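Contents: one structure, followed by commentary.
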Amino acid sequence: MEYGVVIAHVVVIWVLAVMTPGANVLLTINTALNHDRSLARYSALGVSLAILLWAFFGASGLMVILTLYPQLFTVMKIVGGCYLVYLGLSQLYRTRKQRNLLEAGEPFVYQQSPTKLKLTCTAFLTSILNPKTGFFIVSLFSVSVPRDISVAMMLNIMIIMASITLIWHLFLAYSFSHPLAKQVYKKISSAVDYITGGLFTLLGAKIMLS
């Protein structure tokens, strides 16, 4: 398979995959709505770093370990699912607390801005602890990439996948941190935050039960 054809296959498949709504997309959007644009960029960075690592696992064949040791895959599902459930329940708790304050006549209190490192780590963990992301990448490599992949091609594919992820999540960060988006969000923040927390919780439960 020609080099250009391989790259084209990877680009097309990964662009479609990275745009599919999921925990990563939800986290970046939520960060952009609740915090400023500069912080949302670090959420995009964390997801991209995780994809870079997943791509390395897929290209190097290390993902075979999960096939040889299904118990490890089960552990990953439980840990990853629990982490998403934790994010979801935390969001629901904060939203409920904020609503109680508003009903009691207290002033609106914005979420405390996390550090750049915390945002990066949260986004990284959200992506790297999702085993479905890993198996999708393995499927991508098995379909689009030859078995005798060179080191240069492997590195290029890793960089391309991480770059596509970064570009898409930066787009989300910039779009949802726009003043107009924040203005709309402020009017329906409780509903949006409840939905976001619920989706994180459901995604986590789905991963554990799948």
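Remember, predicted model here, so these are calculated numbers, not experimental data.
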Within this structure, what is the [atom1]-[atom2] distance for the pair [X] and [Y], rounded to the nearest 0.5 Å?
X: Ile160; Y: Met153; atom1: CD1; atom2: CE; result: 9.5 Å
X: Asn24; Y: Ile51; atom1: CG; atom2: CD1; result: 6.0 Å
X: Ile157; Y: His9; atom1: CD1; atom2: NE2; result: 11.5 Å

I'd like to know if [Y] and [X] are part of one continuous hydrophobic network [Ile/Leu/Val/Met/Phe/Trp/Tyr, side-chain heavy atoms within less than 4.5 Å].
X: Met158; Y: Ile7; value: yes
X: Val25; Y: Leu166; value: no
X: Ile195; Y: Val184; value: yes
X: Val79; Y: Phe124; value: yes
X: Leu155; Y: Leu52; value: yes

Kindly list each side-chain donor-acceptor pair under 3.5 angstrom involving residues 10-23, sequence neighbours excluded, with atom names and distances?
unit_1	atom_1	unit_2	atom_2	d
Trp14	NE1	Met161	O	3.1
Trp14	NE1	Thr165	OG1	3.0
Thr20	OG1	Leu16	O	2.9
Thr20	OG1	Ala17	O	3.4

Is there a donor-acceptor pair closer than 3.5 Å between any side-chain N or O of Trp54 and the backbone N or O of Ser127?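 Looks like yes, one N/O pair under 3.5 Å.
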List the atom of Thr126, the atom of Leu27, and the distance in Å for their closest heavy-atom pair.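 Answer, listing the atom of Thr126 first, then Leu27: OG1-CD2, 3.6 Å.
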What heavy-atom pair brings Leu119 and Leu39 nearest, and what distance separates the two atoms?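 Result for this residue pair: CD1-O, 3.3 Å.
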Using residues 170-179 as the side-chain source, report each donor-acceptor pair under 3.5 Å to any protein atom, sequence neighbours left out, with the distance given to one decimal.
unit_1	atom_1	unit_2	atom_2	d
Ser175	OG	Phe171	O	2.8
Ser177	OG	Arg37	NE	2.9
Ser177	OG	Ala173	O	2.6
Ser177	OG	Tyr174	O	3.3
His178	ND1	Leu180	N	3.0

Who pairs with Leu89 by side-chain contact (heavy atoms from CB on, under 4.5 Å), at least two apart in sequence or on another chain?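 side-chain contact (heavy atoms from CB on, under 4.5 Å) check on Leu89 returns Val85, Leu92, Thr201.
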Sequence-distant partners of Asn130, side-chain contact (heavy atoms from CB on, under 4.5 Å), two or more places apart: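 Checked Asn130 against side-chain contact (heavy atoms from CB on, under 4.5 Å); matches are Lys132, Thr133, Ile207.
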Does any part of the side chain of [Y], heavy atoms only, come nearer than 4.5 Å to the side chain of [X], both counted from C-beta?
X: Leu26; Y: Asn30; value: no
X: Tyr86; Y: Cys82; value: no
X: Thr122; Y: Tyr83; value: yes

Taking only residues two or more places apart in sequence, or in another chain, which ones meet Ser38 in a side chain to side chain donor-acceptor pair (under 3.5 Å)?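 Counting only residues at least two positions away or on another chain, Ser38 forms a side chain to side chain donor-acceptor pair (under 3.5 Å) with Asp36.
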Counterpart residues, side chain to side chain donor-acceptor pair (under 3.5 Å), relative to Ser43 (two or more places apart):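 If we apply the side chain to side chain donor-acceptor pair (under 3.5 Å) test to Ser43, skipping adjacent residues, the hits are Thr28.
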